[in-house]
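Working notes, beginning with the structure itself.
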Amino acid sequence: MTADCFAENLLKWYDNHGRHDLPWHHNRTAYRIWVSEIMLQQTQVATVIPYYLAFMERFPDVQSLAEAPVDDVLSHWSGLGYYARARNLQNAAQTVMDEFGGAFPDTQEALESLKGIGRSTAAAIIAQAFGKRAAILDGNVKRVLARYHAVPGWPGQTSVLKQLWEHAEEHTPSERIRDYTQGIMDLGAMVCTRSRPKCNDCPLQKGCAAYARKETNLYPGSKPKKAKPEKTTWMVILEDQNGRILLERRPPNGIWGGLWSLPELDPAYGADELQEACERNLGLDCGEPELISGFRHTFSHYHLHIQPARLGVTGQQGVRDNGQHKWLHRHEALALGLPAPIRTLLTNPEQATLL
DNA sequence: AACTCGGGGAT
DNA sequence: ATCCCAGAGTT
């Protein structure tokens with residue numbers, strides 16, 4: 001496959017207008033590219049950059065990541081979301097150490113065998129780190145190709161995705177693969193944007209089917225929308241006489257998997273029942289609850305109304321430090337991997353109200 | 001094939 | 001408020 005007009009025009013644009021100075025563009029090892037790719041899944045570049053820099057400082061190579069305590073990895077992910085990414089990241093680092101002698105594989109199949117690496121991320125590593133030809137298909141590329149070829153339908157649909165992959169393969173050149181891969185993502189992020197694309201600045205305008213029809217707004221097709229359910233929960237700040245707060249580790253799967261959070265209680269409890277519920281469920285001796293103003297946190301598929309309450313705890317009976325629970329001072333808790341709204345709540349309860 | 005998994009930025 | 005983002009894993 002030789003570079004067609006698509007790739008040539010794109011590369012010329014990239015040379016003049018693309019992003020050439022992102023943190024993972026320096027010292028392009030497979031490790032550094034891989035971490036950037038995982039962080040960038042469903043997360044915008046500007047959000048990722050500070051996390052990436054801190055992560056690289058703490059885990060400079062695959063061995064340091066493989067050997068780290070999982071809570072250390074999660075704390076560096078706190079606020080990024082999709083926490084399974086962090087757990088899979090460390091799992092893959094351990095696999096690289098144990099099964100690949102600490103060196104990242106450079107084939108599609110071997111890379112996809114690592115937890116958290118799918119077709120597109122494997123291709124990005126092959127292209128960016130190893131300079132070998134491989135086609136990527138992320139959100140930016142999907143938008144560019146859906147418009148260029150006027151591919152109808154929502155890319156989440158298997159048939160649409162299949163067509164987009166075919167176009168991705170067809171346009172990917174064998175020369176300058178790093179620049180092409182970065183360039184098509186940059187074009188999607190900077191020119192072929194979701195709304196009000198800058199078609200007059202686009203190097204692909206001439207061949208773009210959506211532009212020719214003045215229908216860039218129709219591509220890619222939008223996701224069928226569903227109403228998000230509303231859920232409610234109590235979250236209790238149980239504080240002992242030394243000012244320590246009880247934290248609870250969430251189960252490895254499900255929302256906020258593996259993170260430390262506040263104990264939750266069924267919203268069916270009334271405020272007047274909280275004290276007794278805490279005492280019965282956790283074996284604690286609690287005082288009267290002090291209600292904190294509630295707030296709403298929105299996930300991709302539901303809304304969660306969080307109603308916090310603070311209860312003083314007397315004595316040392318009841319739940320102690322173990323694998324699932326910890327009594328920690330505020331500043332110690334903030335060093336753990338916490339869900340974003342819990343971090344806000346512990347940092348500044350008043351600010352949480354504004355969310 | 002449909003669903004799950006977060007949080008933030010853009011609009 | 002809604003949509004989307006350098007997607008992958010599970011069911």
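Because the structure is predicted, anything quoted here is derived from the model rather than measured. In what follows, chains carry the letters A, B, and so on, assigned in the order in which the sequence lines appear, proteins first and then strands, with residues in each chain numbered from 1.
- Look at Arg296(A) and you won't find any side-chain N or O under 4.0 angstrom from OP1 or OP2 of dG7(B).
- Between Gln44(A) and Ala84(A), the residue anchored closer to the 5' end of DNA chain B is Ala84(A), taking for each the nucleotide with the nearest heavy atom.
- A donor-acceptor contact under 3.5 Å links the side chain of Thr43(A) to the base of dG6(B).
- Note: His76(A) and Phe55(A) have perpendicular aromatic rings, judged against thresholds of 30 and 60 degrees for the angle between ring planes.
- At the phosphate of dG7(B), OP1 or OP2 sits under 4.0 Å from a side-chain N or O atom of Tyr83(A).
- The phosphate of dC3(C) (OP1 or OP2) has a side-chain N or O of Lys225(A) nearer than 4.0 angstrom.
- Remark: C1' of dG7(B) and CD1 of Ile255(A) are 11 Å apart, rounded to the nearest angstrom.
- Taking 4.0 angstrom as the limit, Lys226(A) places a side-chain polar atom (N or O) nearer than this to OP1 or OP2 of dC3(B).
- Taking atom C1' in both dC3(C) and dG6(B), the straight-line distance is 15 Å, to the nearest Å.
- One finds a salt bridge joining Glu239(A) and Arg330(A) here, because a Lys/Arg side-chain nitrogen approaches an Asp/Glu carboxylate oxygen to under 4.0 Å.
- For Arg143(A), no side-chain nitrogen or oxygen approaches OP1 or OP2 of dC4(C) to under 4.0 Å.
- Rounded to whole Å, atom P of dT2(C) lies 20 Å from atom CG of Asn217(A).
- Of the candidates dG7(C), dG7(B), dG9(B), dG7(B) carries the atom nearest the Trp256(A) side chain, counting heavy atoms from C-beta on.
- Using the six-membered ring where Trp is involved, Phe6(A) and Tyr180(A) have ring planes that are tilted, between 30° and 60° apart.
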For Arg133(A) and Thr172(A), run side chain to side chain donor-acceptor pair (under 3.5 Å): C-alpha distance rounded to whole Å, both residues' side-chain angles, the deciding distance at 0.1 Å, then the answer. CA-CA 7 Å; Arg133(A) 182 181 179 279; Thr172(A) 301; 4.8 Å; no

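- Rounded to an integer number of Å, the gap from CZ of Arg147(A) to C1' of dC4(C) is 12 Å.
- Taking the charged nitrogens against the carboxylate oxygens, Arg143(A) and Asp138(A) have no contact shorter than 4.0 Å, which rules out a salt bridge.
- Distance noted for atom C1' between dC5(C) and dC5(B): 14 Å (whole Å).
- Closest to the side chain of Met185(A), out of dA6(C), dC4(C), dG7(B), is dA6(C).
- With both ends at atom P, the span from dA8(C) to dG8(B) equals 23 Å, rounded to whole Å.
- Computed from coordinates, the Asn140(A) CG to dC4(C) P distance equals 13 Å when rounded to whole Å.
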Step by step, would you call Trp34(A) with Phe104(A) a ring pair (Phe, Tyr, Trp, His ring centres under 6.0 Å)? CA-CA 9 Å; Trp34(A) 168 58; Phe104(A) 272 82; 5.0 Å; yes

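- Between Gly81(A) and Arg196(A), the residue anchored closer to the 5' end of DNA chain B is Gly81(A), taking for each the nucleotide with the nearest heavy atom.
- Remark: Trp24(A) is not in phosphate contact with dA6(C), judged by side-chain N or O atoms under 4.0 Å from OP1 or OP2.
- Following rounding to the nearest Å, Met190(A) (CE) and dC5(C) (C1') show an atom-to-atom distance of 16 Å.
- Comparing dG9(B), dG7(B), dC4(C) by their closest approach to the side chain of Ser222(A) singles out dC4(C).
- Across dA8(C), dG9(B), dG6(B), the shortest atom-to-atom separation from the side chain of Ser120(A) is found for dA8(C).
- Counting to the nearest Å, the C1' atom of dT10(C) and the OH atom of Tyr82(A) are 14 Å from each other.
- Taking atom NE2 of His297(A) as the reference point, atom P of dG7(B) lies 4 Å away to the nearest angstrom.
- Between Thr121(A) and dA8(C), a side-chain N or O to OP1/OP2 separation shorter than 4.0 Å is present.
- Between the NZ atom of Lys228(A) and the C1' atom of dC3(C) there is a distance of 8 Å, given to the nearest Å.
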